[in-house]
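Shown next, in structure tokens, is the structure this report addresses.
So you know, we letter chains A, B, ... as the sequences are listed, proteins then strands, and number each from 1.
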2 protein chains.
Amino acid sequence: MSELRQPAPAPANDRETAATRDDKLELRLWLRLLTCSSLIEQNVRTALRERFDTTLPRFDLLAQLDRAPDGLTMSELSARMMVSNGNITGLTDRLVEEGLVKRTPSARDRRSSHVSLTPAGKKAFDAMTPEHEGWIDAMMAGLSRQDMQQLFLLLGKLKQSVHQNAVEPNKGEKV
Amino acid sequence: MSELRQPAPAPANDRETAATRDDKLELRLWLRLLTCSSLIEQNVRTALRERFDTTLPRFDLLAQLDRAPDGLTMSELSARMMVSNGNITGLTDRLVEEGLVKRTPSARDRRSSHVSLTPAGKKAFDAMTPEHEGWIDAMMAGLSRQDMQQLFLLLGKLKQSVHQNAVEPNKGEKV
DNA sequence: GAAATTTATTTTAGACTTAAAACAATATTC
DNA sequence: GAATATTGTTTTAAGTCTAAAATAAATTTC
């Protein structure tokens, strides 16, 4: 690493920094996780706009399709991107409009359609993805290999824990 | 812990699961981080709606104010919540409408105003926060104390790394 | 096999979010 | 101290997002 460092990282005054010693570890952990996630997301969002004049949800949808050569149904997209079905409808509409993805009616289920990249969509995605990867790498440059592996592992545990212990929907009367 | 476990956590089919061994560790780490963050966020969002008929951004704003007895300016709220100024304007308007927060014009800067909790806002927040804490605790119940501390530490490193190595805005011509 | 249920998607209404422009007030520069 | 730049907030236009209702096509049940 031979680049010059930034003069001094501005002391962030975020949600997490506002947490106090009084707060429970669980809460502080959640606030820090959210801060990291928001920070990275914001950076990617800005970079996508400035470099490719596009948005994160659009890039994200293209990325899902790039991993699925046979295309994905609306519901599959919804599950992978963890957003509502209706959201996917609008997003897909816009990308179809831009000519980057196409809808193909499903052969065996007339309710359903498969969304896939058009050649233009594939080309656009391929142009973006190396830079995107570079941004992510850069943001994680301060972590050692071991840090990353450890973090990956712990987040895996967290993910499992959330799945197992998530709040039961509709448990308890509304206040 | 004496409660019964859920039968079997449905095998999630999310963004992160779709990543392959081919992907770089940095990218997989980011996807897993985003998945965890989205999962927790989604749970809190649903719980807030079902239990208190409110939304996460509103709760979040109240939480910021609860930590700041003298109130916060719009800009401070924007920084802490990591959202745009305009966003805070709208959110505050809605919460003022609901009678949960109030705006007080700043004495020394006529551009600025301090936002703070009304008694009703404080009461509403105090009613929500113990349950909120319970949800977070529950979701993290699968992690040991040491896991949490380790995760907290590593996320601290990540946060610092992102701050130091974030993509320079407007570096490189638009494609 | 008709009726009831489930599943896939879209529509709707409204909230949240952003970036950029506009405004207004303060601070800085000469 | 007038001109310029900066800062704090709101407005605007458009996109993203949600939950719930509506549609329509499968699937299951009887």
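In this structure, B:Gln42 reaches the sugar-phosphate backbone alone: every heavy-atom distance under 4.0 Å involves primed, P, OP1 or OP2 atoms, never a base. Backbone-only engagement by B:Met82 is indicated by non-hydrogen atom pairs under 4.0 Å involving sugar-phosphate atoms exclusively.
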Fill in the blank from the handout: Readout for nucleotides 2-13 of chain C: B = base within 4.0 Å of protein heavy atom, S = sugar-phosphate only, - = neither; 5' to 3' it is -----BSBBB--
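Straight-line distance from the CZ atom of B:Arg94 to the P atom of D:dT10: 13 Å, rounded to whole Å. Atom CG of B:Asp53 is separated from atom P of C:dG14 by 15 Å (rounded to the nearest Å). Taking atom CG of residue B:Leu72 and atom P of nucleotide D:dT9, one finds them 11 Å apart after rounding to whole Å. A straight line from CG of A:Leu56 to P of D:dC17 spans 8 Å, rounded to a whole angstrom. With rounding to whole Å, B:Phe59 atom CZ is found 18 Å from C:dA15 atom C1'. The CG atom of B:Leu91 sits 15 Å away from the P atom of D:dT9 (whole-angstrom rounding). Distance CG (B:Leu77) to P (C:dC16): 14 Å, rounded to an integer number of Å.
The shortest distance between the side-chain N/O atoms of B:Thr55 and the OP1/OP2 oxygens of C:dC16 is below 4.0 Å. In terms of phosphate contacts, A:Arg49 brings a side-chain nitrogen or oxygen within less than 4.0 Å of OP1 or OP2 of C:dA19.
Pairs passing the salt bridge (Lys or Arg N to Asp or Glu O under 4.0 Å) check and including a residue from residues 141-156 of chain B, sequence neighbours excluded, read A:Glu26-B:Arg145, A:Lys157-B:Asp147. Sorted by first and then second residue, the ring-ring contact (aromatic ring centres under 6.0 Å, His included) pairs involving residues 106-159 of chain B (not counting sequence neighbours) are B:Phe59-B:Phe125, B:Phe59-B:His132. Identified under the ring-ring contact (aromatic ring centres under 6.0 Å, His included) test for residues 64-83 of chain B, with sequence neighbours left out: none. Judged as a salt bridge (Lys or Arg N to Asp or Glu O under 4.0 Å), not a single pair has a partner in residues 75-90 of chain A (not counting sequence neighbours).
Under the rule for a side chain to side chain contact (heavy atoms under 4.5 Å, CB included), the partners of B:Ser78 that lie at least two apart in sequence or sit in another chain are B:Asn85, B:Ile88.
If A:Arg58 and A:Arg110 are placed on DNA chain D by their nearest nucleotide, the residue sitting closer to the 5' end is A:Arg58.
Contact of the A:Phe52 side chain with the A:Glu131 side chain is registered, since non-hydrogen atoms from C-beta on lie closer than 4.5 Å. Inter-residue side-chain proximity for A:Leu33 and A:Leu155 is flagged as met; some heavy-atom pair is nearer than 4.5 Å.
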